[in-house]
Amino acid sequence: MLDRWIADGVWQREEWPAIYAYHQTYTVGGTPITRMGFVALGEVTDYGQGHVLPHERTHAGPKRDRLALLEATGADIGLIFMLVGDPEGALVALINPGGAPTAEAHDLKGEHHRLWRITDEATIAAVVTQLAGRPVIIADGHHRYETAVDYARRNPAAHDKLMAFFPLEGPGLTILPNHRLVDHVPNFSFDRFIVAAGRWFDVIPLDDPLRFRPDNRTLAVVSEARAVAMRLRDDAFDRIAWPKGMSRAWRELAVSILHEGLLRPLLDITDAKLDAKTHVEYTADQADAIRQAQDGTCQAAFLIAPTTPAELQAVVRGGELMPQKSTHFYPKLLDGLVFHRLGDDTTP
């Protein structure tokens, strides 16, 4: 099918080397935001080289599926979402060409995606110079990246991967929280849970969880019957049984406090159970989390603060991985705007 699309002119090969400015305009809380980045080929290397930094663990099943797709198509059709430091804003200036876009589309959520072809050699060289020597952090696409590394080991000509690079300090980098929906905990009692949590947390009744705004040390728990806010006391922070060797930056994450201060010790929700997906589901929508708890779809919803870009950098640049489902980058990238034939490195 892909070969036929190319033969029929549905897809056309670029005549000159190109990168593509990629802007996403979306809405959060009624406010329009534009995130500006660019699409280009990036070399895939082992994490140990320090050029590419992961922030989460991966699983074998999704990587097998992605490898099968690569081998079947011989094409790279999916973007990896990369974050790169740009404190002076130089990249943003280079990837904001203005004028009519080369391509644009709206995704299923109504968010606006625009793409501009950039073939000017001086601009491309300036972008490459800005990225030189700067490690990048994988935001989304860990399974795709590790699959590409594995594929390149067996196919040395396919050492590049389509990536979308966005500045860490640029406008529009939105990270939503992943609220936890807990279910199937044997003998779960909301009242007993609250009493046990009182060893470390101050517990306050919460009349309207929709208006609750969490921070790193304050979260909310909603059940079918009632809701409470819970704040970790300063004197209790160091009494949590933190995993050995984890940095202060890792321990200060809202999701770390939730997992290590509540879910693991009080509900016996271990990393293995998180991996098995037997007790916890996730939603970035606070209203949806509250609804599912109040209508009894789950036993309890835990509302937590989002991870910030600064927190992400502090943990990842320290050589650590984030706890599971610590980030929800919004919006997602739109596949299909650009693709690359594997082993053909002249241009996407």
Side-chain angles (χ1 to χ4, degrees), residues 1-20 22 24 37-84 102-103 105 107-108 113 115 117 124 128 131 135-166 275 277 316 321 324-325 327-329 331-348:
M1 178 65 74
L2 188 58
D3 289 335
R4 188 170 70 193
W5 282 344
I6 295 172
D8 291 345
V10 176
W11 292 95
Q12 293 185 343
R13 174 185 169 84
E14 290 284 10
E15 296 181 5
W16 307 100
I19 62 173
Y20 304 86
Y22 181 18
Q24 298 171 285
F38 68 97
V39 175
L41 292 176
E43 184 179 5
V44 296
T45 58
D46 291 328
Y47 292 144
Q49 295 186 33
H51 304 310
V52 176
L53 307 177
H55 83 265
E56 65 182 16
R57 294 187 293 116
T58 56
H59 303 279
K63 288 190 283 189
R64 285 194 297 268
D65 293 342
R66 285 156 178 77
L67 183 60
L69 181 63
L70 277 177
E71 292 175 336
T73 62
D76 182 3
I77 59 176
L79 295 172
I80 298 175
F81 185 169
M82 294 293 198
L83 299 173
V84 59
T102 304
D107 62 29
L108 295 177
H113 302 253
L115 201 73
R117 178 191 295 111
I124 294 175
V128 171
L131 261 67
V136 295
I137 298 173
I138 302 176
D140 275 337
H142 289 76
H143 291 95
R144 289 181 178 185
Y145 184 82
E146 292 178 18
T147 299
V149 171
D150 183 39
Y151 187 87
R153 290 193 187 104
R154 289 175 287 164
N155 302 273
H159 54 75
D160 289 331
K161 174 80 181 74
L162 269 179
M163 302 176 185
F165 298 87
F166 290 88
D275 284 342
K277 301 179 181 179
V316 173
L321 298 179
Q324 291 192 45
K325 296 289 185 178
T327 57
H328 182 101
F329 290 92
K332 299 302 182 183
L333 305 184
L334 194 62
D335 287 339
L337 296 173
V338 181
F339 79 89
H340 171 60
R341 298 309 295 264
L342 295 168
D344 178 7
D345 294 337
T346 54
T347 184

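When a residue number appears, it is its place in the shown sequence, counting from 1.
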*Can you measure from CG (Asp335) to NE2 (His113) and round to the nearest 0.5 angstrom?*
10.5 Å

*Any ring-ring contact (aromatic ring centres under 6.0 Å, His included) pairs touching residues 51-72, not counting sequence neighbours?*
His55-His142

*Are Val136 and Met163 side-chain neighbours, meaning at least one heavy-atom pair lies under 4.5 Å?*
no

*Does some side-chain heavy atom of Phe165 sit less than 4.5 Å from a side-chain heavy atom of Ile19?*
no

*Sort and list the pairs that fulfil salt bridge (charged side-chain N to carboxylate O under 4.0 Å, His left out) and have at least one residue in residues 64-74, not counting sequence neighbours.*
Glu71-Arg154

_Contacts of type side-chain hydrogen bond (donor to acceptor under 3.5 Å, both in side chains), residue Glu43, not counting sequence neighbours_ = none

*Gap separating the CG atom of Leu162 from the CG atom of Leu41, nearest 0.5 angstrom*: 5.5 Å

*Any pair counted as ring-ring contact (aromatic ring centres under 6.0 Å, His included), so long as it reaches residues 64-83, sequence neighbours left out*: Phe81-Phe166, Phe81-Phe329

_Partners meeting side-chain contact (heavy atoms from CB on, under 4.5 Å) with Leu70 (sequence neighbours left out)_ = Thr147, Tyr151, Leu342

*Where do Pro17 and Ile124 come nearest, in terms of heavy atoms and distance?*
O-CD1, 3.7 Å

*For the side chain of Tyr145 and the backbone of Thr45, is there at least one donor-acceptor N/O pair under 3.5 Å apart?*
yes

_Test salt bridge (Lys or Arg N to Asp or Glu O under 4.0 Å) applied to Asp107 - qualifying residues, sequence neighbours left out_ = none

*Might you point out which heavy atoms bring Pro62 and His143 nearest each other, and give the distance in Å?*
CB-CD2, 3.5 Å

*Could you list the residues that satisfy salt bridge (Lys or Arg N to Asp or Glu O under 4.0 Å) with Lys325, not counting sequence neighbours?*
none

_Non-hydrogen side-chain atoms of Lys161 and Val149 separated by less than 4.5 Å_ = no

*Is there a donor-acceptor pair under 3.5 Å between the side chain of Gln24 and the backbone N or O of Lys332?*
yes

*Side-chain contact test, heavy atoms from C-beta onward, threshold under 4.5 Å: evaluate it for Val39 versus Leu79 and give yes or no.*
yes

*Say you draw a straight line from NE2 of His159 to CZ of Arg153; how long is it, rounded to the nearest 0.5 Å?*
15.0 Å

*Who are the side-chain hydrogen bond (donor to acceptor under 3.5 Å, both in side chains) partners of Thr58, not counting sequence neighbours?*
Lys63, Glu146

*How far apart are the closest heavy atoms of Arg117 and Tyr20, and which atoms are they?*
CA-CD2, 3.8 Å

_Looking at every non-hydrogen atom in both residues, tell me the closest pair between Pro135 and Gly50 and how far apart they are._
CB-O, 3.5 Å

*Listed by chain and number, what are the side-chain contact (heavy atoms from CB on, under 4.5 Å) partners of Leu337, not counting sequence neighbours?*
Tyr22, Leu115, Leu334

*Indicate yes or no: at least one non-hydrogen side-chain atom of Leu53 is less than 4.5 angstrom from one of Ile138.*
no

*Mark yes or no for whether Asp76, through its side chain, and His340, through its backbone, hold a donor-acceptor pair below 3.5 Å.*
no

